[in-house]
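In what follows, a single structure is set out as structure tokens and then discussed.
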Amino acid sequence: MSFTLHGLGVSGGIAIGQAQLLSHATLEVAHLTLPARQVEKEVLRFETAVERVRAELDELRNEMAESAAEMRAFIDVHSLILQDPELVDVPKTLIRERGCNAEWALVQQMDYLVKQFDAIDDPYLRERKADVVQVVERVIKELMGRAGKIGKSSKTAKGVKEEEQIIVAHDLPPSDLISFKEHRFAAFVTDVGGATSHTAILARSMAIPAVVGLRGAREVIRDGELLIVDGFRGVIIINPDERVLEEYRLRKTQIELERSKLKRLKKADPLTLDDVRVDLMANIELPDDVQAVKDNGADGVGLFRTEFLFLNRREIPSEDEQFEAYRKVVKGMAGKPVVIRTYDLGADKALDQARSAINPALGLRGIRLSLSEPAMFGVQLRAILRAARFGPVRILIPMISNAHEVDATRAAIDRAREDLRDRRVAYGEDIQLGGMIEIPAAALALNMFLKRLDFMSIGTNDLTQYTLAIDRGDEEVAGLYDSLHPAVLMLIAHVLAGGEKAGVPVSICGELAGNPKLTRLLLGMGLRHFSMHPSQILEVKQQVLTSDVGQLAPMVRKLLRLDDSAQIREQIRRLNLPADHSAY
């Protein structure tokens with residue numbers, strides 16, 4: 001019988017293949033009461049399981065190529081979690097105090113830690129609770145005697161090529177995903193996960209279609225069943241009939257053909273039909289992302305999210321470690337500009353546990369956190385200045401809301417320069433300073449920033465969240481999150497117009513920039529600097545090459561006077577029609 005499941009499409013594409021189910025340890029473990037004489041043996045059993053998992057992670061890391069920096073980082077995170085006393089010592093205390101089994105003690109402590117992560121506002125940091133769950137699951141597998149590398153507990157269909165197999169799992173921890181580097185499966189399907197989960201990040205980096213958050217897919221899908229995975233729509237079709245199967249085969253062929261054609265645009269200058277130059281930059285998170293930036297012909301790195309270097313560590317990365325990461329990106333871009341954003345961390349418990357429980361969305365985060373930690377901020381600024389010797393570097397500060405933050409940042413940069421001079425360490429002299437406009441107050445009081453900044457970047461994700469008072473990570477109100485709300489568009493248009501009048505370049509680095517269906521809208525609003533995931537660049541470039549800004553501008557001005565999101569969407573649809581059908 002054919003049926004359909006709906007989840008979250010986190011990596012686009014169409015895959016057709018047979019399901020390969022991966023076993024996972026259930027975290028609903030039994031609660032056993034042990035006799036006193038067995039307690040210390042249970043503690044030893046727990047310690048042995050932890051040590052075996054540590055050894056397995058070390059083995060995985062050693063087997064990886066040096067170029068797999070992103071995956072090595074994930075393994076390092078899990079290894080660090082296995083060193084955390086909160087996870088490996090507290091369960092032993094529970095075993096001794098309550099006379100319980102190791103599995104139950106470990107899950108109790110995991111639940112406690114997960115609740116702490118749930119209190120964090122930042123979506124990326126909040127989803128890092130998955131790392132804790134994945135580590136616990138791995139230890140429980142060891143305790144239950146079900147340890148082993150990915151695939152060992154699943155039957156691979158005979159005669160089925162790897163590229164025709166679709167991995168179906170409760171979750172895919174990065175330590176298991178390492179194994180995929182030497183394979184080429186068709187798609188990933190998981191019960192849990194979000195847009196910033198490891199599965200999503202790695203699927204996008206590997207160009208593999210993925211649908212996550214399917215809630216129980218693994219329980220209803222059987223090994224070997226034929227699946228269609230639509231990573232664009234977040235849809236899984238189990239045992240499709242011949243008509244649906246043929247339709248998706250045709251779509252898959254068309255998508256592959258279109259992607260092949262897009263590659264021809266790599267070296268094309270991003271000019272509109274009326275010769276308006278548009279910069280198409282890339283967002284990256286790790287130095288190894290530079291290859292994807294170059295493969296897609298980006299004009300530079302428009303946003304280097306440096307917080308990835310800071311996450312899940314006991315100590316901040318050293319100046320030399322950061323310098324090497326920044327230098328690798330700058331040298332890799334070979335003279336093209338690199339915009340390095342200072343760490344945009346939320347008020348996570350490692351830095352300020354008390355604030356994280358209040359309202360971290362409105363608390364100590366972004367540039368506020370950087371300025372409150374001058375030593376940590378100074379380390380990053382010195383590393384960036386040193387890397388600027390190797391190519392054009394710009395510094396971008398997140399979450400600005402008043403002029404003092406810009407002035408204080410410039411003072412911090414001056415101190416970093418002075419420190420480097422005192423140490424006789426070479427650094428780059430000519431560095432521009434920009435700010436992210438993602439708080440409505442910054443957009444409304446734009447003039448004070450235009451006087452102080454060399455460039456600006458609009459973060460549409462947070463701007464939408466703050467403007468509409470909608471937590472996009474809250475499932476109960478996520479449906480109200482709308483970046484095309486008239487108020488959001490008005491703020492974006494105001495910033496673009498203000499930047500143009502003052503001669504200050506403005507880019508957009510949020511999700512809007514990478515959506516090809518919105519390229520013409522943004523061009524008509526006056527945007528000339530886009531920054532997006534590398535994989536989105538060629539599709540957006542295609543829209544740029546077929547757009548006429550002179551025609552779009554008056555149409556978009558009319559659109560911006562509309563006060564209903566549904567009407568706005570309809571007019572955007574008309575913007576994207578062929579020229580002879582797009583007039584109002």
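A quick note: this is a predicted structure, and the numbers were derived from the prediction, not measured. Count residues from 1 along the sequence.
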Task: Minimal non-hydrogen separation, A187 against I208, with atom names - done: CA-CG2, 3.5 Å

TODO: Salt-bridge test for E256 and R259: reply yes if a basic N is under 4.0 Å from a carboxylate O, no otherwise.
DONE: no

Open item on the list: One pair to check against side chain to side chain contact (heavy atoms under 4.5 Å, CB included): S457 and L303. What are the steps and the verdict?
Closed with: CA-CA 9 Å; S457 184; L303 177 65; over 6 Å; no

Open item on the list: Does any part of the side chain of F377, heavy atoms only, come nearer than 4.5 Å to the side chain of I367, both counted from C-beta?
Closed with: yes

Open item on the list: Any heavy-atom pair between the side chains of L521 and L484 that's under 4.5 Å?
Closed with: yes

Task: Side-chain donor/acceptor of R520 to backbone N/O of T546, under 3.5 Å - done: yes

- [ ] Would you give the length of the straight line joining atom NZ of K261 to atom CG of L538, rounded to the nearest 0.5 angstrom?
- [x] 14.5 Å

Open item on the list: Using the rule side chain to side chain donor-acceptor pair (under 3.5 Å), only one of R386, Q380, K331 pairs with Y326; which is it?
Closed with: Q380

TODO: Take atom NE2 of H494 as the centre, draw a 6.0 Å sphere, and report whether it contains more than 12 heavy atoms from other residues, nucleotides or ligands.
DONE: yes

Task: M490 CE: over 12 foreign heavy atoms closer than 6.0 Å - done: no

Task: Nearest atoms (heavy-atom pairs only) where R341 meets T306 - done: O-OG1, 2.7 Å

Open item on the list: Are there over 12 heavy-atom neighbours, none belonging to K336, within less than 6.0 Å of that residue's NZ?
Closed with: yes

Open item on the list: Within a 6.0 Å radius of atom CD on E570, are there more than 12 heavy atoms belonging to other residues, nucleotides or ligands?
Closed with: yes

Task: Salt bridge present between R417 and D414 (N-O < 4.0 angstrom) - done: yes

- [ ] Considering non-hydrogen atoms only, spot the tightest contact between I439 and S401 and give its length.
- [x] CD1-CB, 4.0 Å

TODO: Identify the two heavy atoms, one from I537 and one from A282, that lie closest to each other, and give their separation to 0.1 Å.
DONE: CD1-CB, 3.9 Å

- [ ] Please round to the nearest 0.5 Å and tell me the distance separating atom CD1 of I508 and atom CD1 of I492.
- [x] 5.0 Å

- [ ] Kindly compute the distance separating CZ (F455) from CG (L433), expressed to the nearest 0.5 Å.
- [x] 7.0 Å

Open item on the list: Against I395, only a single residue in I340, L381, T409 fulfils side-chain contact (heavy atoms from CB on, under 4.5 Å); can you say which?
Closed with: L381

TODO: Can you measure from CG (L385) to CD (E429) and round to the nearest 0.5 angstrom?
DONE: 9.0 Å

Open item on the list: Could you tell me if the side chain of L262 sits less than 4.5 Å from the side chain of L265, heavy atoms only?
Closed with: yes

- [ ] Determine, for K263 against D295, whether the closest basic-nitrogen to carboxylate-oxygen distance falls under 4.0 angstrom.
- [x] no

- [ ] Indicate yes or no: at least one non-hydrogen side-chain atom of V211 is less than 4.5 angstrom from one of V235.
- [x] no

Task: Close side-chain approach of F304 to V290, heavy-atom, < 4.5 Å - done: no

TODO: Could you tell me whether a side-chain N or O of E307 sits under 3.5 Å from a main-chain N or O of Y343, the two making a donor and an acceptor?
DONE: no

Task: Straight-line distance of L518 CG to N576 CG, nearest 0.5 Å - done: 8.0 Å

- [ ] Go through the steps to decide whether S547 and T272 satisfy the test side-chain hydrogen bond (donor to acceptor under 3.5 Å, both in side chains), and finish with yes or no.
- [x] CA-CA 5 Å; S547 297; T272 65; over 6 Å; no

Task: Nearest-0.5 Å distance that lies between atom CG in D230 and atom NE2 in H6 - done: 10.5 Å

Open item on the list: Given 3.5 Å as the limit, does a donor-acceptor pair link the side chain of K541 with the main chain of L280, or not?
Closed with: no

Open item on the list: Test your reading of the model: is there a side-chain donor-acceptor pair from D274 to the backbone of G550, 3.5 Å cut-off?
Closed with: yes

Task: Atom of R305, atom of C509 and distance for their closest heavy-atom approach - done: NH2-O, 4.4 Å

- [ ] Output yes when a side-chain donor or acceptor of R394 lies under 3.5 Å from a complementary backbone atom of D454, and no otherwise.
- [x] no

Open item on the list: How about CG on D564, more than 12 heavy atoms from neighbouring residues, nucleotides or ligands closer than 6.0 Å, or not?
Closed with: yes

Open item on the list: Tell me whether D299 is salt-bridged to R528, with the criterion being a basic N under 4.0 Å from an acidic carboxylate O.
Closed with: no

Task: Min side-chain heavy-atom separation L214-V189 under 4.5 Å - done: yes

Task: Pairing of R569 and D482 as salt bridge, 4.0 angstrom limit - done: yes

- [ ] List the atom of N402, the atom of M448, and the distance in Å for their closest heavy-atom pair.
- [x] CA-CE, 3.7 Å

Open item on the list: Measuring only between side-chain heavy atoms, which start at C-beta, is M281 closer than 4.5 Å to P337?
Closed with: yes

